[in-house]
Amino acid sequence: MLFDYQEFLDGIDREAYHEGEWQWEEDGYTVTRTYTYSAPGCHDSCGVLMYTKNGKLEKIEGDPLDPCANGRLCMRCLNLEEGVNYADRPKWPLKRVGARGENKWERISWEEALDTIATWIHDNLDAKGLGRESIFVNHGTGRNISSWVPFLGGACLGTPNIGAIGFSGYSCYLPRTCGTAAGIGDFPIVDASEGHADRYNNPEWVRPDVVVIWGCEPLRSNADGYLGHWLVACMQQGTRFISVDPQLTWWGAHADYWLPIRPSTDLALALAWLNVITTEELQDKEFIEYWCAYYDELKEHVAQFTPEWAAKICEVPADLIRDAARFYATAERGAIQWGLAFDTQVDSIQLCQTVSNLMSVCGNIDKPGTNILVRNGFEINPGYATAQLYCDPETFSKKLTVDLVHPGCTQFIGMADCDAVNRAFETGEPYPIKMFWSQGANGISCSATAAPRVHKMLEKVEFCVVADPYMTPTAVAYADIFLPLKTTAERDSMRVWWTPLRAMKAVSEWYEAKSDEELIVALGNKMNPELFQKRWPTLEALLQDYLDVGFNLYDPETGKSYKSAGRSKAGMIEVPDVHTDFWKKHHEDGTCSFKSLVEDKCGYEYDDFCATYRKYEKGMLRPDGQPGFATPSGRIELVPFATFGAWGIPPLAEHVESLTMKRWMEDPEYRAEYPFICINGSRSYEFFHSENRQQATMREFHPMPLVKVSTQTAEEYDLKEGEWIWIENTEGRCRQKVHIDPTLNPNYIHAEHGWWFPEQEPAFPHLYGTFDCNINNLTASYETGQGGIGNPLKSVAAKIYKCTDDVNEPSPGEVVTKLGGFRDDYVATEPFAWTHDNTTREGGRF
Amino acid sequence: MKGILINYEFCTGCHSCEVACKKHLELPAGEFGIKLSETGPFEYAGKTGADHWEWTYLPVMTKACDMCEDRTAKGKLPMCVQHCQAWCMYYGEVEDLAKKMDGSSRCALFTR
């Protein structure tokens with residue numbers, strides 16, 4: 001083994017890298033030691049050294065003294081300067097002067113922009129007796145946005161309706177947080193020593209023996225606060241791998257087992273693994289005896305799900321399923337790294353719960369080298385539920401919830417239900433959405449399933465504000481007011497996602513752009529001055545509040561304190577003391593401040609919670625301080641009768657196919673017409689979702705959207721590498737360039753997401769080319785799984801054909817923006833024209 | 001003599017070395033101080049497990065590479081080594097790097 005962490009630490013010239021200093025002068029530059037948290041960026045925050053001259057970011061490098069990333073940076077952060085200094089970045093607020101989609105703007109002041117917004121809300125909502133629930137606040141992912149934008153929605157605009165436009169089934173991360181919370185009560189991540197400041201040297205830490213990389217490519221995605229390359233460090237230290245993925249990834253090529261399951265059959269595989277483990281007695285009997293409940297019920301339930309049964313569904317051999325299950329279950333320290341694919345299928349919530357069970361029955365919970373249970377450092381937890389703390393209770397009671405669109409389902413998520421929002425836009429029921437506020441999000445290019453359908457919803461919205469660092473297709477198409485946001489280089493902000501707490505310090509300026517935080521202060525003092533003058537009159541007060549109480553509610557008059565339920569979950573609870581653990585640790589020593597975090601602590605501080613193993617033995621998980629887990633019974637509930645019962649979800653998991661996959665398997669004519677399962681949305685190193693397309697260096701590496709086809713498909717269709725092809729189904733079509741992948745199953749293709757072309761024409765019908773290449777022209781909204789969770793967007797049916805002159809017109813941009821769209825027969829709550837159902841379950845409807 | 005050792009068994013092809021280098025040397029589009037080569041993916045007939053697939057990246061130093069003379073003179077690491085996400089690059093005296101190679105995984109040692 002060449003990897004040697006101590007040798008790495010010993011080899012760093014600490015003087016050359018100015019250990020202990022947060023800022024210094026070097027060769028005519030000011031160098032600032034800080035963390036990035038986008039935009040542009042990702043889910044993570046790596047330690048960097050920013051080199052500035054005259055208030056301009058000139059270059060950036062990783063900080064070898066940062067224990068999170070050890071100086072190792074991805075290509076996007078290394079290229080940050082191109083994103084920050086992009087010449088066409090908007091410099092000041094803009095007012096639309098032409099028609100929507102004409103891209104004609106007039107410079108206005110911040111005062112005029114905020115006045116216009118306040119006046120519109122007063123005249124068109126408040127004065128007309130419409131509630132603030134008629135505002136929908138939309139945000140993107142990454143860029144520590146889920147801490148700030150829901151807060152803005154509730155505290156500044158007073159709406160409970162906050163989420164992601166068109167994002168049926170909450171199909172990102174929320175299924176995993178909720179599915180695993182139901183059984184375990186906390187969130188598990190793979191232990192690659194990330195909880196410890198001394199990392200791989202930590203005396204308690206041991207590398208995992210086996211890691212399952214499942215529906216995930218952590219190297220490219222770095223998703224969910226987790227740097228995928230940590231797992232390569234584990235591999236060098238001896239960790240072995242299983243890859244569960246329809247596509248061969250780097251992990252599959254380096255794994256002991258690669259299981260190329262048919263897309264969206266993960267639950268069948270997970271149930272079969274449980275079958276193998278329970279019938280072969282591979283479970284951790286002691287852990288189950290002491291810490292789990294309902295093992296016998298689980299064992300009885302999974303007895304029917306043999307590897308032979310799963311092999312037919314997953315289309316991988318039964319022996320491979322069995323061998324891989326044994327390899328994971330017999331490892332002393334096993335762990336599972338799960339990804340977005342868990343959230344993008346109708347089995348989602350039960351899949352997440354069932355794979356949590358695979359961790360639990362093998363005792364791979366909160367021990368070194370297993371799945372450790374983590375919380376946000378220092379109990380700083382602003383999230384969706386923060387909106388509830390500051391939204392008027394009567395308005396909050398009108399939040400758009402899942403039962404409005406999927407009767408029988410129960411809302412248990414802080415976000416507004418995505419399909420209920422779709423329905424409100426489409427039908428005006430139970431009330432119309434009059435205003436669309438989009439911050440740090442480019443919905444129609446990226447996260448909105450059924451993007452042409454979402455365009456129909458948004459083109460008629462009465463008032464639209466888009467706040468973003470860049471002019472985007474979403475802004476050009478809908479914005480009446482555009483507000484320029486700062487990038488990471490200009491922002492004073494902080495975030496915890498697990499550990500450590502990290503600060504990003506502004507090092508440069510960009511004209512009149514405001515940070516997300518400055519926008520909250522400005523808008524809040526305009527819209528809700530009574531509250532903001534008292535609590536958040538300034539940016540400094542807002543940042544201090546984040547550290548002191550995490551925006552939770554403390555009422556000195558009544559003495560009552562309330563905190564939100566957490567990052568994603570709904571609800572608020574009364575607590576004796578809302579102060580964060582950071583405040584409790586530092587208020588007396590005078591270092592509980594943003595300034596101290598930046599300067600004295602060099603931008604970061606680890607907390608004890610994530611660094612502690614076996615927290616369930618130590619009484620660290622339950623509110624009552626007793627040993628056990630944060631579940632109703634105090635044990636891991638392998639069949640979550642209580643929690644799933646309360647959420648209206650069957651506690652025993654069963655695999656079902658999506659509407660499309662059921663038809664694809666059973667209807668030969670449909671399959672002949674649409675012969676491919678189109679997987680989509682896998683990430684590439686160059687881009688974070690729809691970001692980074694402005695950057696010449698990223699486009700040098702990845703100029704155009706690529707659709708992967710198998711060698712066999714390329715031969716059958718006479719396709720050449722780099723050739724444009726159309727991808728089409730009943731919902732619409734788009735085009736991407738062929739990449740031939742010799743490892744791909746000939747029944748599958750894979751298309752990229754998030755594409756637009758900042759160098760191309762912004763105005764309709766072109767709209768930066770975003771609809772022409774948008775794979776969400778082929779996805780559908782309103783179809784979800786149990787609980788209203790999980791849309792099967794990563795497994796749509798499609799056909800492909802060459803881009804020849806006779807079939808190229810009209811372009812998708814023309815169709816969507818000028819010709820009324822691909823379909824004129826949308827029915828609210830129904831995904832497709834070919835069925836009235838929105839689920840394959842009995843009755844066909846949720 | 002100084003060299004860069006690449007434990008390319010673990011190179012993931014993430015492009016960080018390429019971009020770190022381009023930014024430092026201010027190379028225009030199409031020019032590289034270090035450039036990834038890719039072998040595979042292809043299958044070995046009759047093999048299983050981790051020996052089944054070949055999919056190997058190896059960064060190759062170009063004529064433009066000066067091993068970051070200006071940085072190393074100040075005690076800093078070469079840009080590619082510092083930013084290697086896969087933790088598979090090492091900088092030092094060739095003799096020391098040669099000793100570091102232990103036969104446990106595939107390596108290449110580059111010099112100017």
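Lettering follows sequence order; numbering is per chain, from 1. Heavy-atom basis, side chains included; hydrogens, waters and symmetry copies ignored. None of the values given here were measured: they were computed from a predicted structure.
- Note on A:Glu686, A:Met75, A:Glu82, A:Arg72: by heavy-atom pairs under 4.5 Å with chain B, the leading option is A:Arg72.
- Of the atoms belonging to B:Ser104, it is side-chain heavy atoms, and not backbone ones, that fall under 4.5 Å from chain A.
- Interatomic distance, CD of B:Glu18 versus CG of A:Leu78, reported as 11.5 Å (0.5 Å rounding).
- A donor-acceptor contact shorter than 3.5 Å links the side chain of A:Gln236 to the backbone of B:Ala86.
- For chain B, the option among A:Tyr257, A:Trp230, A:Phe3 with the highest count of heavy-atom pairs below 4.5 Å is A:Phe3.
- Here A:Asn70 is the residue among A:Leu219, A:Ile60, A:Leu227, A:Asn70 with the most heavy-atom pairs under 4.5 Å with chain B.
- Distance alone, capped at 3.5 Å, places no donor-acceptor pair between the B:Gln82 side chain and the A:Pro64 backbone.
- For chain B, the nearby part of A:Tyr17 is the side chain; its heavy atoms alone come within less than 4.5 Å.
- B:Trp87 and A:Tyr5 have tilted rings, their planes meeting at an angle from 30° to 60° on a 0 to 90° scale.
- Between the A:Asp13 side chain and the B:Lys76 main chain, no donor and acceptor come within less than 3.5 Å of each other.
- Highest contact tally toward chain A, considering only B:Cys84, B:Cys88, B:Gly40, B:Ala20, is held by B:Cys84 [criterion: heavy-atom pairs under 4.5 Å].
- Here the CH2-CH2 distance, from B:Trp53 to A:Trp258, works out to 5.5 Å after rounding to the nearest 0.5 Å.
- The backbone N or O of A:Lys59 lies less than 3.5 Å from no partner atom in the side chain of B:Lys23, so there is not a single donor-acceptor pair.
- Distance alone, capped at 3.5 Å, places no donor-acceptor pair between the B:His15 side chain and the A:Phe701 backbone.
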